[in-house]
Amino acid sequence: MTYINVGDMAKEGELYEGFDEEYGCPVLDEDRVIDELEDKMSEGGVIVDYHGCDFFPERWFHIVFVLRTENSLLYDRLESRGYKGKKLQDNIQCEIFQTLYEEAMLSYRKEIVHQLPSNTPEDLERNLDQIMQWIEQWMKDNN
């Protein structure tokens, strides 16, 4: 399987359409990202890692995992990454209102969308085990 971190890919290929001064970050050019990924995704066996999903075509995915974090833990994580002000508050609100989960549920078949807790190292281990089991089963079923 091939792993693609969309943030890294966008940075390397400068797949941006501007810069958001309020959030202090570049604005992803979603159309260019789709164009960049299309051939790779049509081959199959690709794991896509990104914090949003509503612009990716449904046909690309067999399963979608949404990692969830308790707000107090998320606040500390984001603050340690240098998030401040509106960017920090908006990210916390997105978690409170389950924005990314709802986005995934509206964008893909409900049966392929799964929430996984991502609070502790033990959660991360369990998530990794669960995802690896799914990948192994998918590979058996599709090879």
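Only heavy atoms go into these numbers, but all of them, side chains included; no hydrogens, no water, no symmetry mates.
The heavy-atom pair separating Y16 from P26 by the smallest distance is CD2-CB, 3.4 Å. The heavy-atom pair separating S118 from L124 by the smallest distance is OG-CD2, 3.3 Å. Across all non-hydrogen atoms, the minimal contact from I112 to H114 is O-CD2, 3.3 Å. Residues V6 and F56 approach most closely at CG2-CZ, 3.9 Å, considering heavy atoms. Scanning both residues, P117 and N127, for their nearest heavy atoms gives O-ND2, 2.7 Å. Among all heavy-atom pairs drawn from F97 and E102, the shortest one is O-CG, 4.3 Å.
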Working note: I47 + I135, criterion side-chain contact (heavy atoms from CB on, under 4.5 Å); need CA distance, chi angles, decisive distance, verdict. CA-CA 10 Å; I47 299 169; I135 290 170; 3.8 Å; yes
Is there a side-chain contact (heavy atoms from CB on, under 4.5 Å) between I63 and W138? Walk through the geometry before answering. CA-CA 10 Å; I63 195 162; W138 182 88; over 6 Å; no
Determine, stepwise, if the pair R126 / D123 fulfils salt bridge (Lys or Arg N to Asp or Glu O under 4.0 Å). CA-CA 5 Å; R126 256 190 319 276; D123 288 341; 2.4 Å; yes
Going through the distances and angles, do L37 and W60 end up as a side-chain contact (heavy atoms from CB on, under 4.5 Å)? CA-CA 10 Å; L37 286 173; W60 282 4; 3.6 Å; yes
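Separation of atoms CD (Q98) and CE (M105) is listed at 10.0 Å; rounding is to 0.5 Å. Here the CG atom belonging to D31 is positioned 9.5 Å from the CZ atom belonging to F55, to the nearest 0.5 angstrom. Atoms SG and CZ, on C53 and F61 in that order, are 7.5 Å from each other to the nearest 0.5 Å. The distance from atom CZ of R68 to atom CG of L116, rounded to the nearest 0.5 Å, is 11.0 Å. The CE atom of M9 lies 5.5 Å from the CD atom of E36; values are rounded to the nearest 0.5 Å. Taken from CG in D49 to CG in L67, the straight-line distance is 8.0 Å, to the nearest 0.5 Å.
In this structure R77 satisfies the salt bridge (charged side-chain N to carboxylate O under 4.0 Å, His left out) test with no other residue, sequence neighbours excluded. The salt bridge (charged side-chain N to carboxylate O under 4.0 Å, His left out) test applied to R59 returns E38, not counting sequence neighbours. In terms of the side chain to side chain donor-acceptor pair (under 3.5 Å) criterion, N71 has no residue partners (sequence neighbours excluded).
Between H62 and W134, the two ring planes are tilted [angle within 30° to 60°].
In this structure, E14 places its CD atom where only 12 or fewer heavy-atom neighbours from other residues, nucleotides or ligands lie under 6.0 Å away.
Counting only distance, with no hydrogens or angles, the side chain of Y83 and the backbone of N91 share no donor-acceptor pair below 3.5 Å. The backbone N or O of T69 sits less than 3.5 Å from a side-chain atom of E95, completing a donor-acceptor pair. No donor-acceptor pair under 3.5 Å is formed between the side chain of D54 and the backbone N or O of E103.
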